[in-house]
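As a basis for the values below, the full set of heavy atoms in this structure was taken, side chains included, without hydrogen atoms, waters or symmetry mates. The structure displayed is predicted, hence computed values, not measured ones.
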Amino acid sequence: MTTKEVQRQIVAYDDVEWLVPGADGTETSPGPNDAVRKRLIQGDGGFYTQIVRLPAGFTAPAHSHDHAEVFMVLSGSCVFDGQAMGERDSTVVAADQAYTFTAGDEGLEFLIVRPGVAAFRAVR
């Protein structure tokens, strides 16, 4: 029996830049009150992860993605599709399922884990 050698890469959180995601897929450098994200794991082992930081009261427009995701609150709070979520609360969103959320009074930082690069689709 042969064992496939796996190369492991450590992604150092502090080495990854915060970027502002644009609706057209571009990313720019942030200002002090922007909604920002750090793209961490980008395909290793079939996973894509990012951390998103939002200012207090920020509302994500109703949208969906073409991949399922795990959404976990790291700090702060939000109202996710009408339900309160606090630190370490998590939920799974199915592919193509629309959702929205609003950051709480202290802002929101959350982790996203997906099995692929997800397209953003606004719901009108």
Side-chain angles (χ1 to χ4, degrees):
M1 175 190 273
T2 60
T3 304
K4 182 179 178 184
E5 187 173 320
V6 176
Q7 288 190 333
R8 181 171 297 135
Q9 178 184 352
I10 302 297
V11 176
Y13 179 85
D14 289 336
D15 291 345
V16 179
E17 293 182 69
W18 287 107
L19 296 170
V20 177
D24 61 358
T26 61
E27 295 177 315
T28 58
S29 297
N33 295 312
D34 284 328
V36 294
R37 70 175 167 205
K38 282 188 180 215
R39 292 183 183 271
L40 301 173
I41 304 298
Q42 293 300 295
D44 294 0
F47 294 99
Y48 292 79
T49 65
Q50 59 184 284
I51 292 180
V52 179
R53 184 182 293 163
L54 303 175
F58 181 95
T59 297
H63 67 283
S64 66
H65 301 284
D66 56 347
H67 289 285
E69 67 183 46
V70 174
F71 179 109
M72 180 182 190
V73 175
L74 298 175
S75 64
S77 64
C78 69
V79 174
F80 190 102
D81 281 345
Q83 297 184 338
M85 292 181 73
E87 291 183 17
R88 295 178 293 283
D89 291 345
S90 58
T91 188
V92 174
V93 181
D96 303 315
Q97 180 181 25
Y99 65 99
T100 185
F101 55 91
T102 300
D105 293 340
E106 61 284 329
L108 173 66
E109 186 170 278
F110 62 94
L111 170 71
I112 294 292
V113 180
R114 296 185 181 116
V117 176
F120 178 91
R121 295 184 185 124
V123 175
R124 300 188 199 275

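Hydrophobic clustering (side-chain heavy atoms under 4.5 Å, transitive across Ile, Leu, Val, Met, Phe, Trp, Tyr) groups Val16 together with Val113. With hydrophobic clusters built from ILVMFWY side chains whose heavy atoms lie under 4.5 angstrom apart, Phe101 shares a cluster with Met85. One hydrophobic cluster holds both Val70 and Phe47 under the rule that ILVMFWY side chains link at heavy-atom gaps under 4.5 Å. Follow the hydrophobic side-chain contacts under 4.5 Å out from Ile41 and you reach Trp18 in the same cluster. A continuous path of hydrophobic side-chain contacts links Val36 to Tyr13 [ILVMFWY only; heavy atoms under 4.5 Å].
Taken from CG in Asp44 to CZ in Arg8, the straight-line distance is 11.0 Å, to the nearest 0.5 Å. Rounded to the nearest 0.5 angstrom, Asp105 CG and Ser77 OG are separated by 7.0 Å. A distance of 9.5 Å separates CD of Glu109 from CG of Leu54, quoted to the nearest 0.5 Å. Here the CD1-CZ distance, from Ile51 to Phe110, works out to 10.5 Å after rounding to the nearest 0.5 Å. If you take CG on Leu19 and CD on Gln50, they are separated by 10.5 Å, rounding to the nearest 0.5 Å. The structure places CG of Leu111 at 5.5 Å from CG of Leu74, a figure rounded to the nearest 0.5 Å.
Using a 4.5 Å heavy-atom threshold, the side chains of Lys38 and Glu17 count as separate. Between Glu87 and Ser75, the closest side-chain pair of non-hydrogen atoms falls below 4.5 Å. Put simply, the side chain of Val73 does not reach to within 4.5 Å of the side chain of Phe80, judged on heavy atoms.
A salt bridge links Asp96 with Arg121: the distance from a Lys NZ or Arg NE/NH1/NH2 to an Asp or Glu carboxylate oxygen falls below 4.0 Å.
Val20 and Pro30 get closest at one heavy-atom pair: CG2-CA, 3.4 Å. The minimum heavy-atom distance linking Ala98 with Asp81 is given by the pair O-OD2, 4.0 Å. Taking each heavy atom of Pro61 and Phe120 in turn, the nearest pair found is CG-CZ, 4.1 Å. The nearest pair of heavy atoms linking Ala118 to Asp66 is CA-OD1, 3.3 Å. Across all their heavy atoms, Val123 and Ser64 have their closest contact at CG2-N, 4.4 Å. Of all non-hydrogen atoms in Glu27 and Pro21, the two that sit nearest each other are CG-CA, 4.3 Å.
Not a single donor-acceptor pair under 3.5 Å links the side chain of Thr91 to the backbone N or O of Phe71. Looking at Thr59, its side chain never comes within 3.5 Å of a backbone N or O of Thr102 through a donor-acceptor pair.
Between His63 and His65, the ring-plane angle classifies as perpendicular under the 30° and 60° cut-offs.
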